[in-house]
Amino acid sequence: MIKETILVLDFGGQYNQLIARRVRECNVYAEVKPYTMSLEEIKAMAPKGIIFTGGPNSVYDKKSPHYDKAIFELGIPILGICYGSQLMAYELGGEVATAPVSEYGHTEVTVDNSSVIFKNVSKVTTCWMSHTDYIAKAPEGFRITATTPVCPVAAMENAEKKLYATQFHPEVMHTKQGHEILHDFVYNVCGCKGDWKMDDFVKTSIEALREKIGTGKVLCALSGGVDSSVAAVLLSKAIGKQLTCVFVDHGLLRKNEGDEVEAVFGPKGNYELNFIRVNAADRFYAKLAGKTEPEEKRKIIGEEFIRIFEEEAKKIGAVDFLVQGTIYPDVIESGLGKSAVIKSHHNVGGLPSVVDFKEIIEPLRMLFKDEVRKAGLELGIPHNLVFRQPFPGPGLGVRIVGEVTADKVRIVQDADAIYREELARAGVDASLGQYFAALTNMRSVGVMGDFRTYDYAVALRAVLTSDFMTAEAAEIPWPVLSKVTNRIVNEVKGVNRVMYDCTSKPPSTIEFE
């Protein structure tokens, strides 16, 4: 059971999920909720602290998200960040205005080390600013605890009421001492003890699953990826032979991956699972024929998954529960409350409205990717499986821009296999968060020998990331990229051009669609 929680109230900013992630790095559980959450719901939740997130709006715009200022009288410590800091100032009688000079990016901030949240921070530190409005005057009872040359209230506090605010973003990696700020808030202001640990999560999850499921039959959606693998092993520890794992080979997997998954989880594998493999490539290709819009493709793949699970459930008899490896970034990116939908994940936003099961169980729903890996190690899953490359539920369906066909799948499988092989051979793969080849929808003229070609362009992607919510493009050595390019063009029929994606997340996503 989670004993202490930091509530993150979402006002629509792009870094909201990172706040929860950074708090959890402090071994304190954090959960993101929409700003429409009522005061009564907050009281019932009894959080140890509350964090107001950033957001794109201006607090003096009547259409912008606001909150009942009675929240400041609950006695619960509150930290406002960016828009959240301005909202705190505005609601409590301070002044918020358009800044004479906007601040974006790395900014030197001078802090007052007598503040409890800055006691472990350098007097002058680098922080990440992203604002057009600013706090022109702090509310009565607040003191200013940080400034920049153009921002008079870069941070403020009313220590007596345990109200704190920073105009900058301590949650992003660009704020050099952001971890220290959040750590001191959750421990020294909120009084947290730090009881969010993976060994406790695994133990309590197994107990909760066993109690919830009872003698019921469970069907698990197993892709062989990290998330579904951890979910499957977690369920097997809880209920054993009551669990049947269905592996749907939708024809959108990486090269040879279907056979590799069966080798690990099938009858000859290391786990006591009821394993069923469904080869459904033709079925998925038929459903995707002529479809080019990414969200439509995701939803088609998600619905077809569910239909197949329903069919398999009927074959094995009455099934009470469906288990999926949904994780927290899936939930947030698929739309949380008033947040924008970045993309629908096939196991969240892509579910059909009618599902022929008693209930869907998502045991990893509140975990970030690296927390899933920690849980996997705690469960005794082999290191190489826990740290395998992430792979989207819709598979190559979202790594093929435009219509999906069997021939395009063959192209991207072969190109991806070459890319992965050469990165491993060069020894650069271990440092990368995620890397893959994708097939663009662009065809261009080329020359091979004495002949003109008109073939596809493959795009290579490699990123550095710890949480998969933000990412930077990796600088792959040019000799490695050159070798990969030559091999793909020479060995993969239908490709005459290779490009490398240098875009970070944001503004892009890690996947292409």
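Nothing fancy with the numbering, it's 1 onward along the sequence.
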**Report entry** Salt bridge present between D259 and R277 (N-O < 4.0 angstrom)
**Finding:** yes
Requested in this report: Run the numbers on T98 and T132 for side-chain contact (heavy atoms from CB on, under 4.5 Å), then give the verdict.
Outcome: CA-CA 6 Å; T98 300; T132 299; 4.2 Å; yes
Query raised in the report: Do V121 and I181 have side-chain heavy atoms sitting under 4.5 Å apart?
Result: yes
Report task. Any chance you could measure E511, atom CD, to L396, atom CG, to the nearest 0.5 Å? Result -> 9.5 Å
Query raised in the report: Please walk me through it: do T453 and R497 pass side chain to side chain donor-acceptor pair (under 3.5 Å)?
Result: CA-CA 10 Å; T453 62; R497 195 177 297 268; over 6 Å; no
Query raised in the report: Can we say E421 and R487 salt-bridge, meaning some charged N sits less than 4.0 Å from an Asp/Glu carboxylate O?
Result: yes
Report task. Take F275 and F265 through the test ring-ring contact (aromatic ring centres under 6.0 Å, His included) and record every step on the way to the result. Result -> CA-CA 7 Å; F275 180 83; F265 290 100; 7.2 Å; no
Report task. Indicate yes or no: does D455 engage K493 in a salt bridge with an N to O separation below 4.0 Å. Result -> no
**Report entry** Test item: H183 and E180 side chains (from C-beta on) under 4.5 Å apart, heavy atoms
**Finding:** no
Query raised in the report: Heavy-atom distance under 4.5 Å between the side chains of V23 and V8, does that happen here?
Result: no
Query raised in the report: So how far is it from F391 CZ to Q389 CD, rounded to the nearest 0.5 Å?
Result: 10.5 Å
Report summary line: Separation between CD (Q434) and CG (L464), nearest 0.5 Å, reads 12.0 Å
Report task. Check whether the side chains of R365 and T326 place a donor and an acceptor atom closer than 3.5 Å, and report yes or no. Result -> no
**Report entry** No-hydrogen, no-angle side-chain donor-acceptor test under 3.5 Å, Y60 and D133
**Finding:** yes
Query raised in the report: Just wondering, do V484 and Y419 contact through their side chains at under 4.5 Å, heavy atoms?
Result: yes
Query raised in the report: Looking at F512, does the NZ or CZ of R399 lie under 6.0 angstrom from its six-membered ring centre and within 45 degrees of the ring axis?
Result: no
Query raised in the report: Do Y83 and F52 have ring centres separated by under 6.0 Å?
Result: no
Report task. Supply the atom-to-atom distance M129 CE to Q167 CD, rounded to the nearest 0.5 angstrom. Result -> 6.0 Å
Query - E303 with K299: basic N within carboxylate O range, under 4.0 Å - result: no
Query - SB check R283 E311 (cutoff 4.0 Å) - result: yes
**Report entry** Residues E422, R425: salt bridge by 4.0 Å N-O rule
**Finding:** yes
Requested in this report: Report the residue from I488, L423, I476 that forms a side-chain contact (heavy atoms from CB on, under 4.5 Å) with L460.
Outcome: I488
Report task. Evaluate whether atom CD of E475 has more than 12 neighbouring non-hydrogen atoms of other residues, nucleotides or ligands under 6.0 angstrom away. Result -> no
Query raised in the report: Side chains of Q324 and I360: does their closest heavy-atom pair fall under 4.5 Å?
Result: yes
Report summary line: One should read off an interatomic distance between E41 CD and L7 CG, to the nearest 0.5 angstrom, of 10.5 Å
Requested in this report: With side chain to side chain donor-acceptor pair (under 3.5 Å) as the test, would you mind laying out the steps for T148 and E108 before giving the verdict?
Outcome: CA-CA 7 Å; T148 76; E108 281 198 351; over 6 Å; no
Query raised in the report: If you count the non-hydrogen atoms of other residues, nucleotides and ligands that lie under 6.0 Å from NZ in K176, is the total more than 12?
Result: no
Query raised in the report: Below 4.5 Å, heavy atoms only, C-beta onward: do P477 and V428 meet side chain to side chain?
Result: yes
Query raised in the report: Out of curiosity, F168 CZ to T175 OG1, how far, rounded to the nearest 0.5 Å?
Result: 6.5 Å
Requested in this report: Would you check if F284 and F305 make a side-chain contact, meaning some heavy-atom pair closer than 4.5 Å?
Outcome: yes
Report task. I would like to know whether V323 and L219 meet side-chain contact (heavy atoms from CB on, under 4.5 Å); could you show each step before the answer? Result -> CA-CA 6 Å; V323 173; L219 190 62; over 6 Å; no
Requested in this report: Could you tell me whether a side-chain N or O of R373 sits under 3.5 Å from a main-chain N or O of V386, the two making a donor and an acceptor?
Outcome: yes
Report task. Show your reasoning for whether side chain to side chain donor-acceptor pair (under 3.5 Å) applies to E371 and W196. Result -> CA-CA 11 Å; E371 293 175 320; W196 176 243; 2.9 Å; yes
Query - Partners meeting side chain to side chain contact (heavy atoms under 4.5 Å, CB included) with D407 (sequence neighbours left out) - result: T405, R410, I411
Requested in this report: Look at the side chain of T53 and the backbone N and O of I51, then say whether any donor-acceptor pair between them is shorter than 3.5 Å.
Outcome: no
**Report entry** Basic-acidic side-chain contact under 4.0 Å: K255, D414
**Finding:** yes
Query raised in the report: Does R254 come within less than 4.0 Å of D416, counting only side-chain N to carboxylate O?
Result: no
Query raised in the report: Given the rule in the side-chain contact (heavy atoms from CB on, under 4.5 Å) test, do I6 and I50 qualify, once you have shown the distances and angles that lead to the verdict?
Result: CA-CA 6 Å; I6 297 295; I50 299 171; over 6 Å; no
Query raised in the report: Is a donor on one side and an acceptor on the other found under 3.5 Å between the side chain of S228 and the backbone of S223?
Result: yes
Query - Donor on one side chain, acceptor on other, Y104 and W128, under 3.5 Å - result: no
Query - Electrostatic pair E403:K291 at N-O distance under 4.0 angstrom - result: no
Report task. Evaluate the side-chain proximity of C127 to H169: yes if any heavy-atom separation is below 4.5 Å, no if none is. Result -> no
Requested in this report: Would you please test N496 and S444 for side-chain contact (heavy atoms from CB on, under 4.5 Å) and show each step?
Outcome: CA-CA 8 Å; N496 67 0; S444 61; 3.7 Å; yes
